[in-house]
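A short write-up of the structure that comes next.
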Amino acid sequence: MPDPAETQHAVREGGAGSPLYRGVHQVFAVGMVVSALLLGLGLILSLLAGRTLGTQGVKPLALLGNLPSGDPGAFLSLGLLALLLTPVAGVLRATLQLARERQGLNALAGLAVLAILTYGILRAFVG
Amino acid sequence: MASGILALMGIAFVAGFFGSMAGLGGGIFIVPALTLLYHYPMRYAVAASLAAVVGTSVSGSLHFLQAGQSNLRLALFLEVLTTLGAMGGGVAAAWLPERALVILFSGVMFYTAWTMVRKATRGRAAPPQGTAPQQAAQASQAALDPPSDPPSPWAASLRGSYYDPALQGQVAYQGHHLAAGLAASVVGGMVSGLLGIGGGVIKVPVMNVIMGLPLKAATATSTFMVGITAAASAFVYFANGYLNPYLAAPVVLGAVAGARVGSAVGRRASSVALTWVFVVLLAFIAIQMLAGRG
């Protein structure tokens, strides 16, 4: 276990236990649990429905529309989406914290990463 | 067919287990498993592997963030160009011939095997001297020694420290040579987007050897970065219809579980002999892929 004095030093330095690290950790933990639950549920439904793996391309976005009917593919797609959005949410959380701490250069880098990721997401959703 | 999904999960578990044990991430074994054993086209295998890389990265980062070993500020700087490279790789993968992707992947596998050989042979150099806390102090001093180039305006952002339980002390370091790190980030991102691997095999040596980060900090920072990088290119594959949820979901769940077990076992079982087993395995798979056997 780290020495409490060393842990305090690390917090002051913005390392382990600091709001920045704690915030990103929380986002990652929530994202991991949500996506694992959705993927797990989707897989169980797939097994019950006797789905095959298939080798054809599937547009996960098109499958999302089948969510109300309990389609396994919709749950799997939602789980994948939650998983892919988790690092994006982590970057967003880090950028907000860095901006709050007035670390301009770092917040700017975070914003640039977010802008690039948002472009990719828009391309995936809007086409 | 239920057994198909469960078998795929099992194969992804084994790929995640060995990839994590070798410190390479699951992607390097998932793509060959899907192309050689299941005969999936390379792009579908890459897309599923990218989703698995995001899963193993997020899961692995949970520990590193709690321990404070990831350098989030440095990661964000490097990710600016890495995500651009990753998206470029994802776009290029859509128009490159399948055979070119296979040849590139095999090349990266040979390169990975070569870096593992170098690491194994270098690891037999003189062992560190002194008690654990003295080694921590020496490591901090060595990392904080000013580089030969002029101080960078980003220097304050590239500083970090973490508690190393093995050395029983705080290790402080100062990253430098940001330009080299950024250049390697573009290459790492492109390789990740094109081939569905994390790209840590490029990032970790650059951060450790060129940028002067301790190996633990470099590994933890790379683990955090590869998830963002893989997500960036996975969205491109998503848009192009290559991300098949019935294929990707079992691969993600299997690989994440395998990586967790693999990293726990790897910490205890790391040895030079094991490294050589992985080197031979990587070379064998690369040759199989080049030969187009399945």
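What's counted below: heavy atoms across the whole structure, side chains too, no hydrogens, waters or symmetry copies. Everything quoted here is computed from the prediction, not taken from an experiment. Residue numbers start from 1 in every chain, and the chains themselves are labelled A, B, ... in the order their sequence lines are given, proteins ahead of strands.
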Residues B/V252, A/L83; criterion side chain to side chain contact (heavy atoms under 4.5 Å, CB included); working and verdict | CA-CA 10 Å; B/V252 168; A/L83 180 69; 3.7 Å; yes
Is the centre of the B/F224 ring less than 6.0 Å from the centre of the A/Y21 ring?
-> no
Are any non-hydrogen side-chain atoms of [X] and [Y] less than 4.5 angstrom apart?
X: A/M32; Y: B/V256; answer: yes
X: B/L243; Y: A/L84; answer: yes
X: B/E79; Y: A/V91; answer: no
X: A/L81; Y: B/F238; answer: yes
X: B/F235; Y: A/V88; answer: yes
X: B/L72; Y: A/L20; answer: yes

Quick one: of B/T83, B/L50, B/V236, who has the most non-hydrogen atom pairs under 4.5 Å with chain A?
-> B/T83
Top contributor to chain A interface from B/A248, B/S61, B/A234, B/S70 [non-hydrogen pairs under 4.5 Å] = B/S70
For the residue pair B/A249 and A/L76, what are the closest heavy atoms and their distance?
->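 So the minimum-distance heavy-atom pair works out to CB-CD2, 3.4 Å.
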Check: B/L62 main-chain N/O paired with A/H25 side-chain donor or acceptor under 3.5 Å =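 Yes; at least one donor-acceptor contact below 3.5 Å.
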Please lay out, stage by stage, how B/I5 and A/L43 fare under the test side chain to side chain contact (heavy atoms under 4.5 Å, CB included).
-> CA-CA 8 Å; B/I5 291 176; A/L43 269 187; 3.5 Å; yes
Contact origin within A/L98 toward chain B - heavy atom pairs under 4.5 Å = side chain
Partner of A/V113 under side chain to side chain contact (heavy atoms under 4.5 Å, CB included), chosen from B/V80, B/L81, B/T82 = B/V80
